[in-house]
Protein chains: 2
Amino acid sequence: MSGSTDGAKRPTSRDVATAAGVSRTAVSFAFNDPGRLSAATRDRILEVAARLGYRPDPVARMLVQGRTNSLGILLPQDIPQAMENPYYAQFLVGVGQVCHQEGFTLLLVPPLRNSMLDAIPYAAVDGFVVTGLERDRGEVAELERRGVPFVLVDSESDEDVPTVEVDDQAGAAAMMTHLLELGHRDITVLAFEAGPDSVIDAARGPLGRRMAGVDDALDGLGPVASDVRLRVVEARATRAEGYKAGLDILDSDDRPTAVFALSDILAAGVLDAAYELGISVPGDVSVAGYDDQPEAVWLRPRLTTVRQPIEAKGRVAADFLVSAIRGSSRHHHHTLHTALIVRESTATPRKTPVRGTGA
Amino acid sequence: MSGSTDGAKRPTSRDVATAAGVSRTAVSFAFNDPGRLSAATRDRILEVAARLGYRPDPVARMLVQGRTNSLGILLPQDIPQAMENPYYAQFLVGVGQVCHQEGFTLLLVPPLRNSMLDAIPYAAVDGFVVTGLERDRGEVAELERRGVPFVLVDSESDEDVPTVEVDDQAGAAAMMTHLLELGHRDITVLAFEAGPDSVIDAARGPLGRRMAGVDDALDGLGPVASDVRLRVVEARATRAEGYKAGLDILDSDDRPTAVFALSDILAAGVLDAAYELGISVPGDVSVAGYDDQPEAVWLRPRLTTVRQPIEAKGRVAADFLVSAIRGSSRHHHHTLHTALIVRESTATPRKTPVRGTGA
DNA sequence: CTGAAAGCGCTTACAG
DNA sequence: CTGAAAGCGCTTACAG
């Protein structure tokens, strides 16, 4: 019954113009600038358009206007992987706020045939928010070639390109210092590893900076640093993988007195593992996270973590992008700050080794 | 230093053709069908294109090819609200799988000026996945007018339009029956309410069907049904709101023996409230959820809930859409099924009222 | 208030 | 193997 989807093709502005006995110019005005038409003409055109089921073609309009009213998010991984990651969802909340305010839609642009490079030329967007890239990658050159503005997020600072960063190094250092000041000398860092097919270089970017922060804190300790035992374990950033890693770390004669998970989702998994093993947190072991996702405050015990303003990061990046699109002020840089959030999951370690004669 | 973003405008295929001494046809072939050119010509064109920083314009290409290679998700709420909802993230995982497989990007299309209707004509997509709409709304007519395929998700079944549904009524009935069979006769249903600015009709759609399922179970009980005390409370679907509602429901002389939350996120909040109040679950009160989000199994106690295949819903919807775009088989319908997942948060109610002389 | 013309940047039969 | 021409469907100065 609908019929408009099949059969005869969609009516064009020419069809409407003919049927209404006006020019295509008039049809365009009826939709985009009705004030320029007499009421009679306008009404007639609109009526004919309604009868024919006419709508201006959005792509033709984009071509002639030179804008799409849509922002692109260039993803380093495919859409399912991104959407499974609560970090991304939160980041998109921030980007989405700007979209809402400025009337943009949001295009998710995953790698094409496993290549971010290939995806860049095909996306119909007015600009890109780019996550998970370092500045010297070929992708940046391709973006410049593409000729639309873009903003690098969580990349390294760069003079020539707008960036939004978070001082992850300071954040990780603050948490590590917190742990050291509590008296911990046997600490396991649980790092996240890149997902399968990842095109990002995990050693750089946020992970690299957080690890550097860990080292900073150790250095700041002075000569005593040699007393500290530091182990590093990796897991994919899901709660289930955090749980498995947590089991490995905690179910051992030689378990650390503190675990510093480099993302909250991993910390949640470690908490699950501790619960499962009957190991008390923070009594037997301290657990710390990173991100301060909304989830963190609902965990038991409430998670001590490093807050990074993920939503603000998305918002600032999108703001920069929209400014660049609108033609104002090129090359912005902004660094967001982290904060140490001490809740219930960290405490002074027991004096006596847990596996010994007890508390 | 980059220069390509500002100053002179982007080179076009004409510029490349001129510089390489060939026709625009040849330039097009060099990028889209290199086999049709002699190696020498092709290499020369590509080299000149690289030197000039040329890329075919995606929008012009879309116009002439009549496709965008992008799927649209028509949202009933703005992007931040959608991304805050774990249900949506999971749904997008399913849609994203198809995008990945078929090489589509994904455009998030929120209401424009608070109107879904207004957003439809402007999105450059090959089709829409539509959530949160009923069939008789003006939006459906607008979609038909738009002339691209679309699929309605969680809508009512309809002959004329492809739909993907879940038998929510049966799912809710199954849970309610489970509670009744355990012996509960004083049950509070915690329903989710639409967010602010919502354009959806909450009384219909999934919520309405789940409530109908609750009634079905009561009806199935026969004459004893009159012994059942049923209360309904509403809250916005966030954990914090679930927590607040949980406090209200549980911190009372007259609390129910079971709470059936119509979404897991709400159930999680009720669990938080019970924990806060020192009320044992399922000892003092049973708590049930709906959705079986990944989270549910990490809650303590593990949540009894109704599983609905959210990811599959997204996948099936996107599959239908891609088929329609490719021109095959119009008008599909698919109903997905729910399953009762009994875990630890529901049990037989205490015989004696909690506020009485105790167990 | 209204229209004829040019043009957005590309691809695609068609012809040679 | 290569090119001239038409056309995708619209908007926008410009002129009247």
**Fill in**
Per atom distances to the A/Val64 side chain, the nearest of C/dC8, C/dG3, D/dG3 is C/dC8
**Item:** Listed nucleotide nearest any side-chain atom of B/Phe29, set D/dC8, C/dG3, D/dG3
**Value:**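 The nucleotide sitting nearest to the side chain is D/dG3.
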Spacing of [X] atom [atom1] relative to [N] atom [atom2], expressed in whole Å:
X: B/Asp57; N: C/dT11; atom1: CG; atom2: P; answer: 9 Å
X: B/Gln65; N: C/dA13; atom1: CD; atom2: P; answer: 11 Å
X: A/Arg14; N: C/dA6; atom1: CZ; atom2: C1'; answer: 13 Å
X: A/Leu63; N: D/dG9; atom1: CG; atom2: C1'; answer: 9 Å
X: A/Tyr54; N: D/dG9; atom1: OH; atom2: C1'; answer: 7 Å
X: B/Met62; N: C/dT11; atom1: CE; atom2: P; answer: 12 Å

**Prompt:** Of all of residues 30-50 of chain B, which get a heavy atom below 4.0 angstrom from DNA chain D, listed by number?
**Reply:**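 By residue number: B/Arg36, B/Leu37, B/Ser38, B/Thr41.
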**Message:** Using a 4.0 Å heavy-atom cut-off, does A/Arg67 contact any base of the nucleic acid, only the sugar-phosphate backbone, or nothing at all?
**Reply:** nothing
**Request:** Please work out if A/Val27 contacts a base, only the sugar-phosphate, or nothing of the nucleic acid, heavy-atom cut-off 4.0 Å.
**Result:** nothing
**Request:** Measure the spacing between CG of A/Leu52 and OG1 of A/Thr12 and express it to the nearest 0.5 Å.
**Result:**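 If I round to the nearest 0.5 Å, the distance is 9.5 Å.
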Between the main-chain N or O of [Y] and the side-chain N or O of [X], is there a donor-acceptor pair closer than 3.5 Å?
X: B/Arg113; Y: A/Gly103; result: no
X: B/Thr18; Y: B/Arg14; result: yes
X: B/Thr41; Y: B/Leu37; result: no
X: A/Arg44; Y: A/Ala20; result: yes

**Message:** Per the side-chain hydrogen bond (donor to acceptor under 3.5 Å, both in side chains) rule, what does the pair list look like for residues 66-75 of chain A, sequence neighbours excluded?
**Reply:** A/Thr68-A/Asp126
**Complete:** Hits for side-chain contact (heavy atoms from CB on, under 4.5 Å) against A/Ser23, two or more places apart or cross-chain, chain-then-number order -> A/Thr25, A/Ala26
**Prompt:** Using purine N1 to pyrimidine N3 plus N6-O4 or O6-N4 for Watson-Crick, or N1-O2 and O6-N3 for G-U wobble, each under 3.5 Å, what pairs with D/dA13?
**Reply:**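 With both distances under 3.5 Å required, D/dA13 matches none.
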**Prompt:** Is there a donor and acceptor pair closer than 3.5 Å between the side chain of B/Thr25 and the base of C/dT12?
**Reply:**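 Yes, a donor-acceptor pair under 3.5 Å.
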